[in-house]
Amino acid sequence: MTDHTTPLPATGTATTPPGGPLTGRIALVAGATRGAGRAIAVELGRAGATVYATGRTTRERVSELGRATETIEGTAELVDAAADAAHSGGAGIAVPTDHLEADRVRALLDRVERDHGRLDILVNDMWGGNPLLDFGTRMWDVDLDRGLRMLDLGVRSHIITSSVALPLLVRHPGALLIEVTDGTARTNQVSRENFYYDLAKNAPIRMAFLLAGELEDVGGTAVAVTPGFLRSEEMLDAFGLTEETWRDGIGGQQHWELSESPAYLARGIAALAADPDRHRFTGRSLDSGELAREYGVTDTDGSRPDVWGFILKERAGEHPDPAAHRR
């Protein structure tokens with residue numbers, strides 16, 4: 001299998017050369033309204049990909065999360081701006097899609113096939129279940145409908161999208177499927193404190209493992225990836241902070257000093273997508289810190305936070321230094 005991609009700049013901040021390492025590639029970021037999904041769409045576009053950004057919140061309709069200022073149209077505009085600044089040839093295309101509705105997903109993939117005849121990168125980042133969480137609550141005390149809705153949002157939506165998209169994704173060698181979740185196979189060996197959340201966040205790890213095997217004979221790669229302590233728009237709002245003032249929350253929230261912007265994971269994913277040897281990771285689950293060390297990318301402040309590495313040391317009975325995990 002020949003893959004003509006080239007790695008992204010090592011710093012994650014340098015200007016992408018004209019043409020970009022992902023120019024000509026077609027990507028679908030399912031769940032690109034906000035947070036990691038939005039940032040992933042932007043970084044793939046910055047690297048030159050044409051990015052279909054999907055989600056349920058548009059300028060005309062807002063999902064049950066009620067966050068009207070974050071829309072897929074806004075994401076597409078950010079993709080265009082990043083691609084233009086990098087002279088990479090990338091572009092953003094917003095397509096309203098509820099990934100729990102198979103017919104809507106089929107219509108989306110029909111459009112991608114009609115417009116481009118190929119799909120090279122699929123990122124499953126659908127979630128939206130945080131308002132349903134009851135951490136520390138026993139399974140039988142969690143409202144069943146709330147629990148099943150989490151599984152719909154975090155598992156069923158991913159299954160539907162992969163089932164519909166994979167026939168187009170595997171049409172050309174080099175297909176890349178990325179499952180975005182919370183935690184890796186190693187970090188999630190402990191309970192995630194809510195029965196349904198645990199299932200919703202471990203299932204994508206298993207999906208990537210299983211699909212890696214099925215993609216092997218068609219030259220494809222599947223990986224699961226996770227951010228660390230993500231400073232999403234929703235999280236910052238919950239703490240009454242902004243991206244400019246996030247450090248004011250240090251001391252008030254455990255591990256907050258090792259939090260990261262959505263761009264950190266996104267830069268690692270863009271570098272992974274541009275890596276001609278990315279297949280060595282197939283079937284694995286990787287965190288943002290691992291991707292940063294592998295590809296030399298940094299967060300927006302130039303640091304490399306590694307909250308999962310810090311947490312694993314804590315679980316082992318060590319007393320790690322937070323500063324040593326943000327170098």
Side-chain angles (χ1 to χ4, degrees), residues 27-38 40-41 51-68 70-76 93-114 119 121-134 139 142-169 177-183 192 194-208 210-211 214 222 224-227 230 232-234:
L28 166 58
V29 181
T33 311
R34 60 184 64 83
R38 168 172 278 192
I40 293 164
V51 183
Y52 284 80
T54 68
R56 296 176 295 160
T57 295
T58 70
R59 287 174 179 154
E60 288 75 41
R61 184 175 181 180
V62 181
S63 76
E64 73 268 20
L65 292 180
R67 301 185 63 85
E70 298 143 12
T71 68
I72 56 169
E73 296 94 337
T75 298
I93 302 170
V95 183
T97 309
D98 184 338
H99 286 264
L100 285 170
E101 298 181 14
D103 286 344
R104 296 288 298 274
V105 179
R106 291 187 186 100
L108 165 66
L109 270 297
D110 286 346
R111 175 174 174 178
V112 175
E113 182 175 22
R114 183 172 62 250
L119 178 65
I121 302 164
L122 171 61
V123 180
N124 282 330
D125 185 52
M126 298 77 75
W127 175 228
N130 286 344
L132 302 170
L133 280 169
D134 301 300
M139 183 268 197
V142 175
D143 179 81
L144 180 59
D145 288 338
R146 288 166 65 91
L148 294 177
R149 179 64 174 171
M150 275 194 276
L151 296 181
D152 281 344
L153 293 168
V155 181
R156 188 163 169 261
S157 63
H158 291 227
I159 293 172
I160 290 171
T161 305
S162 291
S163 176
V164 174
L166 277 165
L168 183 59
L169 187 70
L177 168 62
I178 296 175
E179 286 285 341
V180 182
T181 188
D182 181 16
R192 296 308 308 269
N194 177 289
F195 176 87
Y196 297 98
Y197 185 78
D198 190 300
L199 292 177
K201 294 307 178 181
N202 276 298
I205 297 171
R206 193 66 182 172
M207 289 182 204
L210 293 170
L211 288 172
E214 297 190 13
V225 299
T226 178
L230 186 68
S232 65
E233 302 91 338
E234 185 179 4

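Note that this is a predicted model, so its numbers are computed, not measured. For the numbers below, each heavy atom of this structure counts, side chains included, while hydrogens, waters and symmetry mates do not.
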If you look at every heavy atom in [X] and [Y], which pair is closest and at what distance?
{"X": "Ala165", "Y": "Leu122", "result": "CB-CD2, 3.8 Å"}
{"X": "Thr75", "Y": "Ala41", "result": "CG2-CB, 3.9 Å"}
{"X": "Glu233", "Y": "Arg34", "result": "OE1-CB, 3.6 Å"}
{"X": "Val62", "Y": "Ala68", "result": "CG2-CB, 3.7 Å"}
{"X": "Met150", "Y": "Ala200", "result": "O-CB, 4.0 Å"}
{"X": "Pro204", "Y": "Gly154", "result": "CG-O, 3.9 Å"}

If we only count heavy atoms from C-beta on, is the [X] to [Y] side-chain gap below 4.5 Å?
{"X": "Glu214", "Y": "Leu166", "value": "no"}
{"X": "Ile160", "Y": "Glu101", "value": "no"}
{"X": "Glu113", "Y": "Leu109", "value": "no"}
{"X": "Val112", "Y": "Tyr52", "value": "yes"}
{"X": "Leu132", "Y": "Leu153", "value": "yes"}
{"X": "Glu64", "Y": "Arg56", "value": "yes"}
{"X": "Leu65", "Y": "Thr57", "value": "no"}
{"X": "Met207", "Y": "Asn124", "value": "no"}

Nearest-0.5 Å distance, [atom1] of residue [X] to [atom2] of residue [Y]:
{"X": "Ile121", "Y": "Leu169", "atom1": "CD1", "atom2": "CG", "answer": "9.0 Å"}
{"X": "Glu179", "Y": "Leu211", "atom1": "CD", "atom2": "CG", "answer": "7.5 Å"}
{"X": "Met139", "Y": "Leu199", "atom1": "CE", "atom2": "CG", "answer": "8.5 Å"}
{"X": "Glu73", "Y": "Thr33", "atom1": "CD", "atom2": "OG1", "answer": "9.0 Å"}
{"X": "Glu70", "Y": "Thr58", "atom1": "CD", "atom2": "OG1", "answer": "13.5 Å"}
{"X": "Arg146", "Y": "Asn194", "atom1": "CZ", "atom2": "CG", "answer": "9.0 Å"}

Salt bridge (charged side-chain N to carboxylate O under 4.0 Å, His left out) partners of residues 195-206, not counting sequence neighbours, each pair once
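For residues 195-206: none.
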Determine the sole option in Leu144, Val155, Asp143 for which the side chain to side chain contact (heavy atoms under 4.5 Å, CB included) test with Tyr196 is passed.
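Testing Tyr196 for a side chain to side chain contact (heavy atoms under 4.5 Å, CB included) against Leu144, Val155, Asp143 leaves exactly one candidate, Leu144.
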Donor-acceptor check, side chain of [X] to backbone of [Y], threshold 3.5 angstrom: yes or no?
{"X": "Arg192", "Y": "Asp182", "result": "yes"}
{"X": "Ser163", "Y": "Ile159", "result": "no"}
{"X": "His99", "Y": "Val105", "result": "no"}

Any residue meeting ring-ring contact (aromatic ring centres under 6.0 Å, His included) with Tyr197, in chain and number order, not counting sequence neighbours:
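Result, ring-ring contact (aromatic ring centres under 6.0 Å, His included) vs Tyr197: Trp127, Phe135.
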Have Arg104 and Thr97 got a donor and an acceptor in their side chains that come within less than 3.5 Å?
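Result is no, nothing qualifies.
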Can Thr54 and Thr161 be said to form a side chain to side chain contact (heavy atoms under 4.5 Å, CB included), step by step?
CA-CA 11 Å; Thr54 68; Thr161 305; over 6 Å; no
